[in-house]
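To start, the structure itself, in structure tokens.
Note that these values count all heavy atoms, side chains included, but never hydrogens, waters or copies made by symmetry. First listed ligand is number 1; within each ligand, the first listed atom is number 1.
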Amino acid sequence: MAGIYIHIPFCKQRCTYCDFYTQVAPQLIPDLVEALIKEMHLRKEYLSNEIVETIYFGGGTPSLLTKNQFASIFDAIFSLFQVSTHPEITFEANPDDLNIDFFNNITSLPFNRISIGIQSFDDLSLKSLNRRHDGKQATEAVKNAQSFGYKNISIDLIYGLPNQTIENWLEQLKMAFELNVQHISIYGLTYETGTRLYKQRERGEINVVNDEEMINMYQIMLKAMNENGFEAYEISNFALAGFRSQHNSSYWKLKTYLGLGPSAHSFKDTVRQWNISSTKKYIQAINAQENCFESENLSVNDRYNDYIMISLRTCEGINTKFIQDNFGEKYYSFCMSNALKYIDSKKLMLRKNRLELSLEGIHISNLIISDLMII
Ligand code: SF4
């Protein structure tokens, strides 16, 4: 099983908290689409013995593409790769793009999952983050998708927004559950260096939610997810039964994936590759039929570290037998001896051969992960 990820690095405007590789340059979209198709031809051997089970358009804002642009990308995918009979095919979208005309246009395309970047239903919060949509558009986007028959919809929410109160967070969760979506991704707001939001915080212009309130908001959310039937299958991801993201799960299971487009990452066997993080240079390199990526062969330490970092965030946790079988006794002993203090303090739970984060452990997951990694 393998996945294909396609990066569409364009946004209509920049959100104040975002440090992803995206740009406001719609004039480059046609050239990018051509380059993506050429890249598929150049790299089709990468998945030569694989069945593609997931296809994911991420960004940036994939919902900026036209129907014909999507269709030409799909034509290339289905002619160059072996795609399973029921692949999961997702696109990320901004709520204000998801109007009736948009859905009328894309009905013939094979999408069966939508991931909508709602972040909040609160107009003041959305404005302060420089999001393009308002709360009403967020709700309408989901309802429009449902009216066109989409039955696998994910929404993103962010907690800990400047000035946010517990009451406000509860209200956001209530509105999310009322939409009857199948999957919710939840992120705590982070202040990434260099972003507008980071600078606003440095200048003391915003009211930052403190650590204790952040923990409180996360716990409230966990309880609400549980009460509404959502399984916490990863620290930030919650799904109704049968609706986990297959694409993201394949990253966590270290399956092969091919990343296309500027800054996209690929992974196969023990090799990781990453495409150049410049749309213009990416397009130039592809047009010149040159390699547009760098790669590294992961050492055993790297692979062990990747496994720790990824698996501890999931509800399955770290499989200590997997470590023994795949990395050997030395790595198993290192992991278990470093885990001991967290098991004693009940931040980690050892169930049979699985190490899982407890509720208290989730809040210091980054610390635990770095302690279990070989630096
Ligand atoms: S729409 Fe998404 S990718 Fe684009 S700037 Fe906002 S958060 Fe970043």
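- Close contacts of ligand 1 with Thr22, meaning ligand atoms under 4.0 Å from a residue heavy atom, involve 3 (S).
- Proximity of Arg313 to Ser236: side-chain heavy atoms (C-beta onward) are separated by under 4.5 Å at one or more points.
- In this structure, atom 8 (Fe) of ligand 1 lies nearest to the protein heavy atom Cys18 SG, 2.3 Å.
- Between Phe103 and Phe148, the ring planes lie parallel to each other; the angle is under 30°, not in the 30° to 60° tilted range.
- A salt bridge links Lys321 to Asp325: at least one charged side-chain nitrogen sits closer than 4.0 Å to a carboxylate oxygen.
- Remark: minimum distance from atom 4 (Fe) of ligand 1 to any protein heavy atom is reached at Cys11 SG, 2.3 Å.
- Taking 4.0 Å as the cut-off between side-chain N and carboxylate O, Lys268 and Glu50 do not count as a salt-bridged pair.
- Using a non-hydrogen distance threshold of 4.0 Å, Lys12 does not register as a contact of ligand 1.
- Within a 6.0 Å sphere centred on CD of Gln289, other residues, nucleotides and ligands contribute 12 heavy atoms or fewer.
- Ligand 1 has no atom lying under 4.0 Å from any heavy atom of Gly117.
- Phe91 has its side chain out of reach of Leu109: every pair of non-hydrogen atoms, C-beta onward, lies at least 4.5 Å apart.
- Closest heavy-atom approach to atom 5 (S) of ligand 1 among the candidates Ser63, Gly60, Cys15: Cys15.
- Contacts between Arg131 and ligand 1, counted as non-hydrogen atom pairs separated by less than 4.0 Å, involve the side chain only.
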